[in-house]
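The block underneath contains the structure these notes are about, expressed in structure tokens.
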Amino acid sequence: MTDHYAVIGNPISHTKSPLIHGLFAQEARQDMQYTAIEGPVEPDTAFADVVRKFAAGGGKGMNVTAPFKLKAFAMADERSERAALSGAVNAMKFEGGRILADNFDGIGLVRDIEINLGLPMAGKRVLMLGAGGAARGALLPFLEAKPAELVIANRDVAKAQALAAQVAGRGAVVACGYADLEAMGRFDLVVNATSASLTGDLPPVPPSIFRPDGMAYELAYGKRLTPFLRLARNAGVRNLADGVGMLVEQAAEAFAWWRGVRPDTRPVIDRLTVPLD
Ligand code: ATR
């Protein structure tokens, strides 16, 4: 019998999830169907109604994207620790009338950096720009990768400090503002987890943060050479990445959680990769 899954968001027409999961299912020989659902933003309870209806109709799981990650978090019966810390959910599994929830964005990002791009984070100096949902989701998986130091920089410094305080004791993490970065030396990995690139903006970072033999990672996918990646390239960084690998790896985590089989991500990443130039 065909098992049903879906991604829910609004808008949803841009989503690559059905393509990614379709390719995974083909490769892993899984009898499943994966569709895209445009979730209702109003009234407030409508999102939860659509999810429950999907589950009641035999749906096995859902991916959740903007703007519903917090609502999915709120309606879950059980949440993983990383979902609890990020306050956001990007994958749900429906089992025995219960909603189990997780967030694979951060672990997908770490797998992409460490496995696909070949930069083990252990012992490295890592800088995360931003303290919104994307940064929050990455925090615990990043610390589990044991960097020598994780610096969170944000315009609103109090937000970065609150994030760092939440994970104090889980690793070497400090918070600062952009103006402090000049004095903090070079980083092996700089991740842009702000939403600045979505509007063509650049967080006000000095080029001195980059090591030419390090990596600059832009979370936004398919935006080509964003102002952030351009700054890194001008600073001599050759290893530039956008979020395509993270997108595919987080999907693979959800797929493995649902199906018990880990799909091969390489061909899917290759297929979705958009050249930066
Ligand atoms: P979400 O939770 O959906 O990721 P968010 O909470 O609004 O969205 O977070 C967006 C992040 O991008 C924040 O870290 C924000 O910085 P502030 O917390 O200081 O507002 C950051 N951001 C957005 N536009 C930016 C810009 N032009 N320059 C620098 N940081 C920016």
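Counting starts at 1 for both ligands and their atoms, following the listed order. Atom set for the values below is all heavy atoms of this structure, side chains included, hydrogens, waters and symmetry mates excluded. Start at 1 with the first residue, then count along the sequence.
Nearest to atom 17 (P) of ligand 1 among the protein's heavy atoms is Asn154 ND2, 3.5 Å. Scanning the protein heavy atoms around atom 22 (N) of ligand 1, the nearest turns out to be Arg155 NH2, 3.7 Å. Atom 9 (O) of ligand 1 has as its closest protein heavy atom Gly132 CA, 3.4 Å. Shortest contact from atom 1 (P) of ligand 1 to any protein heavy atom: Gly133 N, 3.4 Å. Looking only at protein heavy atoms, the nearest one to atom 21 (C) of ligand 1 is Thr194 CB, 3.6 Å.
At a heavy-atom cutoff of 4.0 Å, ligand 1 is contacted by the side chain of Asp201 but not by its backbone. Counting heavy atoms under 4.0 Å from ligand 1, residue Ser195 touches it through both backbone and side chain. Residue-level proximity to ligand 1 for Asp156 is carried by backbone and side chain together, each with a heavy atom below 4.0 angstrom. In Lys159, the part holding a heavy atom less than 4.0 Å from any atom of ligand 1 is the side chain.
Here is the list of ligand 1 atoms found below 4.0 Å of a heavy atom in Ala134: 4 (O). Every atom of ligand 1 with a heavy atom of Pro203 under 4.0 Å away is listed here by number and element: 28 (N), 29 (C).
Residue Ala131 places at least one N or O, backbone or side chain, under 3.5 Å from an N or O of ligand 1. Taking only nitrogen or oxygen atoms, main chain and side chain alike, Arg136 does not reach within less than 3.5 Å of ligand 1. Residue-to-ligand polar distances keep Gly130 apart from ligand 1: every N/O pair is separated by 3.5 Å or more.
The aromatic rings of Phe47 and Phe68 lie parallel to each other, with less than 30° between the two planes, well short of the 60° mark. Note on ring orientation: taking the six-membered ring where Trp is involved, the planes of Phe94 and Phe54 are perpendicular (angle over 60°, cut-offs 30° and 60°).
Thr273 is not listed as a side-chain neighbour of Asp242, based on a closest heavy-atom distance of 4.5 Å or more.
Comment: Arg262 engages Glu253 in a salt bridge, judged by a side-chain N to carboxylate O separation of less than 4.0 angstrom. Salt bridge status for Lys124 with Glu114: absent, with no side-chain N to carboxylate O gap under 4.0 Å. Electrostatic pairing of Asp277 and Arg224 does not count as a salt bridge here, judged by no charged N lying under 4.0 Å from a carboxylate O. Between Asp44 and Lys71 there is a salt bridge, with a side-chain nitrogen of the basic residue lying less than 4.0 Å from a carboxylate oxygen of the acidic one.
Between atom CZ of residue Phe210 and atom CG of residue Leu127 there is a gap of 8.0 Å, rounded to the nearest 0.5 Å.
In terms of modelled atom types and a separation under 3.5 Å, the side chain of Asn103 and the main chain of Gly137 share no donor-acceptor contact.
The protein does not reach atom 3 (O) of ligand 1 closely, with no heavy atom under 4.0 angstrom from it. For atom 7 (O) of ligand 1, the nearest protein heavy atom lies 4.0 Å or farther away.
The minimum heavy-atom distance between Asp213 and Arg238, with the atom names listed, is CA-NH2, 4.3 Å.
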